[in-house]
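In each ligand, atom 1 is the first atom listed, and ligand 1 is the first ligand listed.
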Amino acid sequence: MITSKTQKIGILGWPLGHSLSPIMHNAAFKSLHLDYVYIPLPVHPENLAQAVAGLKAMEFTGVNVTIPHKVEIMSYLDEIDFSAQLVGAVNTVVIKDGKSIGYNTDAQGFVQSILSNGIKITEQTAVILGAGGAARAVACGLFQHGIKKIIIGARNLEKAQQFVKLFSTNVDIQAYDWEDFGFKNLLQECDILINSTPIGMSVHDTEVLRIPWEILNPEAAVCDLIYNPSKTQLLLSAKKHGHIAINGLGMLIEQGALAFELWTGEQGPRQIMSDALTEYL
Ligand code: NAP
């Protein structure tokens with residue numbers, strides 16, 4: 001039952017049609033008998049500053065932040081934790097003693113999800129398709145866990161090059177236009193291929209990622225950050241070609257469980273969260 005004592009958490013994004021976070025978190029609060037509620041909060045980009053001020057005024061405990069606010073929100077928060085400074089984006093906010101603090105749990109969420117699938121990161125080479133916010137979280141997480149080299153392939157070379165410049169010069173990260181033959185050839189040395197573009201989400205279902213499967217290292221694990229649908233065209237093709245195929249559900253659960261811990265101080269009940277999502281999907 002929601003009362004005046006119930007602690008309020010939400011998710012800020014625009015639009016919010018794709019988000020499964022309310023399902024996952026409300027199931028988690030219920031299972032641990034925590035007096036919290038998780039509410040979708042669709043906020044148009046031009047209203048973001050007022051929305052953040054409103055969260056404090058209405059004594060929210062925290063929020064998740066999704067597309068397109070993850071970077072923009074940083075200028076409206078009181079503090080940015082190291083996890084978010086590193087990634088350059090916030091996906092979780094905690095409001096404590098009147099102060100808003102931004103965190104990023106996506107990087108750790110991705111890493112945990114692939115480690116739990118038995119994928120080795122240390123000394124490996126990863127190829128990331130796309131150069132947006134999620135790609136940056138993935139790259140940061142991989143570097144923190146000892147990846148040897150990251151190759152970024154994007155439709156826009158300039159954006160991929162800007163992306164690479166955000167990283168320190170002592171890490172091995174290279175940018176390519178993904179149509180470039182040189183990029184396709186590099187797939188031979190790829191141990192982990194990650195799609196961080198929205199191609200494969202149902203709203204983008206007229207487009208497909210063109211992977212030269214004959215070039216890709218046959219041992220490479222293929223990950224899609226997309227979780228809805230749970231089996232994207234990329235993952236179906238990867239399986240057909242004998243690769244381990246991992247969708248974005250594990251990352252969603254891990255980043256969510258870490259955010260849950262920041263808000264409540266309790267361990268996120270990953271199995272409950274997973275069951276709620278699986279049932280829904
Ligand atoms: P973003 O910041 O908007 O970046 C998207 C990237 O994909 C950009 O590099 C963009 O290129 C590229 N892209 C977009 N449409 C494209 C197209 N039609 N063809 C080629 N490239 C295209 O978004 P994001 O936050 O990184 O999210 C990316 C994906 O990851 C989404 O599907 C999101 O749902 C998923 N995600 C999943 C989780 C999880 O927990 N599983 C967490 C975060 C994100 P341009 O710059 O050229 O537009």
Residue selection (non-hydrogen contact nearest [atom]) among [options]:
| atom | options | answer |
| --- | --- | --- |
| atom 23 (O) of ligand 1 | Leu249, Leu129, Ile67 | Ile67 |
| atom 5 (C) of ligand 1 | Ser113, Ser196, Ala89 | Ser196 |
| atom 12 (C) of ligand 1 | Thr197, Leu225, Val138, Val71 | Thr197 |
| atom 27 (O) of ligand 1 | Ala135, Ala134, Gly250, Ala131 | Ala134 |

Just to be sure I read this right, does ligand 1 sit under 4.0 Å from the backbone of [X], its side chain, both, or neither, counting only heavy atoms?
| X | answer |
| --- | --- |
| Met251 | both |
| Phe110 | neither |
| Ala137 | neither |

By number and element, which atoms of ligand 1 are closer than 4.0 Å to a non-hydrogen atom of [X]?
| X | answer |
| --- | --- |
| Leu252 | 40 (O), 41 (N) |
| Glu207 | 17 (C), 18 (N), 19 (N) |
| Pro198 | 7 (O), 13 (N), 14 (C), 15 (N), 32 (O) |
| Trp178 | 20 (C), 21 (N) |
| Ile226 | 32 (O) |

Mind checking the CG-CG spacing from Asn91 to Leu12? Nearest 0.5 Å is all I need.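 Between atom CG of Asn91 and atom CG of Leu12 there are 11.5 Å.
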
Name the atoms and distances for all side-chain donor-acceptor pairs under 3.5 Å in residues 168-178, with sequence neighbours left out.
unit_1	atom_1	unit_2	atom_2	d
Ser168	OG	Asn170	N	3.1
Ser168	OG	Asn170	OD1	2.0
Asp172	OD1	Gln174	NE2	3.4
Gln174	OE1	Tyr176	OH	3.4
Asp177	OD1	Glu179	N	2.8

Say whether, by atom type as modelled, one donor and one acceptor occur between the side chain of [X] and the main chain of [Y] under 3.5 angstrom.
| X | Y | result |
| --- | --- | --- |
| Glu261 | Gly268 | yes |
| Asp97 | Lys99 | no |
| Arg210 | Val208 | no |
| His25 | Ile9 | no |
| Gln85 | Ile80 | yes |

When you compare ligand 1 with [X], is there at least one nitrogen or oxygen pair between them that comes in under 3.5 angstrom?
| X | answer |
| --- | --- |
| Gly130 | no |
| Lys159 | yes |
| Met201 | no |
| Gly133 | yes |

Taking Asp191 first and then Lys148, would you say they form a salt bridge - that is, a charged N and a carboxylate O separated by under 4.0 Å?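 Not counted as a salt bridge, because no side-chain N and carboxylate O are separated by less than 4.0 Å.
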
Whether Arg270 and Glu254 form a salt bridge (side-chain N of Lys/Arg under 4.0 Å from carboxylate O of Asp/Glu) is what I want to check.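 A salt bridge is present here (some side-chain N lies under 4.0 Å from a carboxylate O).
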
Just jot down the side-chain contact (heavy atoms from CB on, under 4.5 Å) partners of Ala134, sequence neighbours excluded, or say none.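 Expected list: Leu225.
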
Going by heavy atoms, is Lys70 under 4.0 Å from ligand 1?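 Judged by the 4.0 Å heavy-atom criterion, Lys70 does count as contacting ligand 1.
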
Sole candidate of Glu189, Gln124, Glu123 that passes side chain to side chain donor-acceptor pair (under 3.5 Å) when paired with Lys149: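 Answer to the side chain to side chain donor-acceptor pair (under 3.5 Å) test with Lys149 among Glu189, Gln124, Glu123: Glu189.
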
